[in-house]
Amino acid sequence: MRIGILGGGQLGRMMGLAGLEMGLEFHFYDTAADAVAGQVAPLTVGAYNDWEKLQAFAAGCRLVTYEFENVPLETAQFLRQQGAEVFPPPLALEVAQDRVVEKTFLQGLGIPVPLFHAVLTKNDLLEGLERTGYPAVLKTRRLGYDGKGQALIGGPGETERAWEELGGQPLILEAFVAFEREVSLIAARGRGGQTAFYPLTENWHRGGILRQSEARPVGLEGLFAEACGYATRLLERLEYVGVLAIEFFVVGGAGSPAGTRLVANEIAPRVHNSGHWTQNGAGTSQFENHLRAVLGWPLGSTGARGQAAMLNLIGVQPSPTQVLQIEGAHHHWYGKAVRAGRKVGHVNITADSPQQLQERVGRVKALLESLA
Ligand code: AMP
């Protein structure tokens with residue numbers, strides 16, 4: 001049974017590796033000849049509007065899915081028109097690709113989002129700043145990732161610089177959320193509508209790039225229930241099939257009358273970096289569960305097996321030996337060339353107790369710092 005995957009980056013590569021174990025075959029489609037998923041299965045190199053190539057690609061596959069959310073909507077719609085089964089549904093791409101559409105959609109479902117303002121002109125920006133106050137974050141509506149296409153506006157004196165950097169394309173201005181922490185929920189929904197949720201993951205970003213994640217199987221029960229409620233609404237409204245991630249800010253805290261609560265930052269209609277710990281720390285990895293979902297197979301257990309964390313390898317290449325001599329550390333390498341600021345792998349860390357996890361995470365961090 002062959003699955004077609006649009007996008008051939010590390011997420012596709014890891015999905016392929018998980019699926020090969022279950023006897024699946026894969027065919028990737030990417031614009032780049034050196035896309036790393038091509039290391040594990042055949043790769044067609046083509047543009048996302050090369051209709052003939054896309055048609056031939058889909059004709060050889062039982063169904064088509066994707067591993068990155070910037071696959072053009074027209075590409076997914078074209079493949080559906082050709083009779084291919086495409087999961088997750090193209091509507092999810094449409095919503096996730098534009099930050100204004102995304103936040104409006106979430107708001108419509110009663111899911112809290114930061115105060116935001118669509119910006120096309122400098123006047124819009126000034127109007128928006130009157131609503132949000134300072135600090136505020138100016139972002140591109142489309143194609144932003146890993147902190148690219150974002151500028152923090154700390155005060156009126158920084159408006160001009162942010163406008164010079166990003167002006168001239170559709171933008172969104174968001175109020176800066178003074179969050180207590182950041183968490184994400186990785187959810188799966190099968191073809192029959194059954195759902196499964198991994199424990200919340202706590203995440204730490206620097207420069208807009210995810211650095212570290214830790215599974216939170218205990219201690220955040222209230223927030224977990226809130227997140228699952230929001231995710232259920234979203235999955236049902238999208239008639240979603242596959243794995244989806246929602247990133248949240250946690251705001252409020254002990255001193256706040258309303259207590260802690262969640263504000264949604266963004267959604268990703270795909271497997272997600274903050275779910276990589278599930279490869280070694282959960283009953284079933286997010287990659288396997290995505291495949292199970294799109295194939296209409298039963299979903300696997302999303303329960304955590306003990307304690308788990310993940311550290312991204314960003315522009316550094318430790319040797320496998322250096323990583324693996326730390327007990328509980330699992331080395332994951334994407335087969336990409338190492339460049340500053342580029343995600344080239346990750347280390348998953350498992351442990352039996354929170355103390356043991358922190359001790360092991362500390363050792364991996366010290367290793368990465370020694371290489372930076
Ligand atoms: P994004 O690309 O929107 O996920 O942003 C990347 C990271 O930048 C987030 O995970 C936050 O750490 C930070 N960030 C983005 N938007 C905001 C905001 N409105 N308020 C505070 N921090 C933000």
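In each ligand, atom 1 is the first atom listed, and ligand 1 is the first ligand listed. These numbers come from the heavy atoms of this one structure, side chains and all, not from hydrogens, waters or symmetry mates.
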the protein heavy atom lying closest to atom 8 (O) of ligand 1 turns out to be Gln150 OE1, 4.1 Å
Among all protein non-hydrogen atoms, which one is nearest to atom 3 (O) of ligand 1, and what is the separation to 0.1 Å?
Lys139 NZ, 2.7 Å
Would Asp34 and Lys336 count as a side-chain contact (heavy atoms from CB on, under 4.5 Å) if you check the C-alpha gap in whole Å, the side-chain angles of each, and the deciding distance to 0.1 Å?
CA-CA 9 Å; Asp34 63 351; Lys336 289 158 84 169; over 6 Å; no
Regarding Gln358 and Gln307, do their side chains bring together a donor and an acceptor under 3.5 Å, going by distance alone?
no
Close N or O approach (Phe249, ligand 1; < 3.5 Å):
no
Among Arg261, Glu180, Arg181, find the residue that satisfies the side chain to side chain contact (heavy atoms under 4.5 Å, CB included) test when tested with Val251.
Arg261
Ionic contact status for Arg131 with Glu127, cut-off 4.0 Å:
no
Hey, could you give me the CD/CZ distance between Glu202 and Phe248, rounded to the nearest 0.5 Å?
14.0 Å
What residue and atom, counting heavy atoms only, is the protein's closest point to atom 12 (O) of ligand 1, and at what distance?
Glu182 OE2, 2.8 Å
Counting only non-hydrogen atoms of the protein, does one fall under 4.0 Å from atom 15 (C) of ligand 1?
yes
To the nearest 0.1 Å, how far is atom 7 (C) of ligand 1 from its closest protein heavy atom, and which atom is that?
Gly208 CA, 4.2 Å
Which one holds for Leu210 and ligand 1: side chain close, backbone close, both close, or neither close, with close meaning a heavy atom under 4.0 Å?
neither
Output yes when the distance from some N or O of ligand 1 to some N or O of Ala175 is under 3.5 Å, and no in every other case.
yes
Just need the protein heavy atom nearest to atom 4 (O) of ligand 1, so name the residue and atom and give the distance.
Glu266 OE2, 2.8 Å
If you have a sec, work out which protein heavy atom is nearest atom 22 (N) of ligand 1 and how many Å separate them, to one decimal?
Phe179 CE2, 3.6 Å
Hey, is Lys365 close enough to Glu369 for a salt bridge, meaning N to O under 4.0 Å?
no
Cationic N near anionic O, under 4.0 Å, Glu174 to Lys103
yes
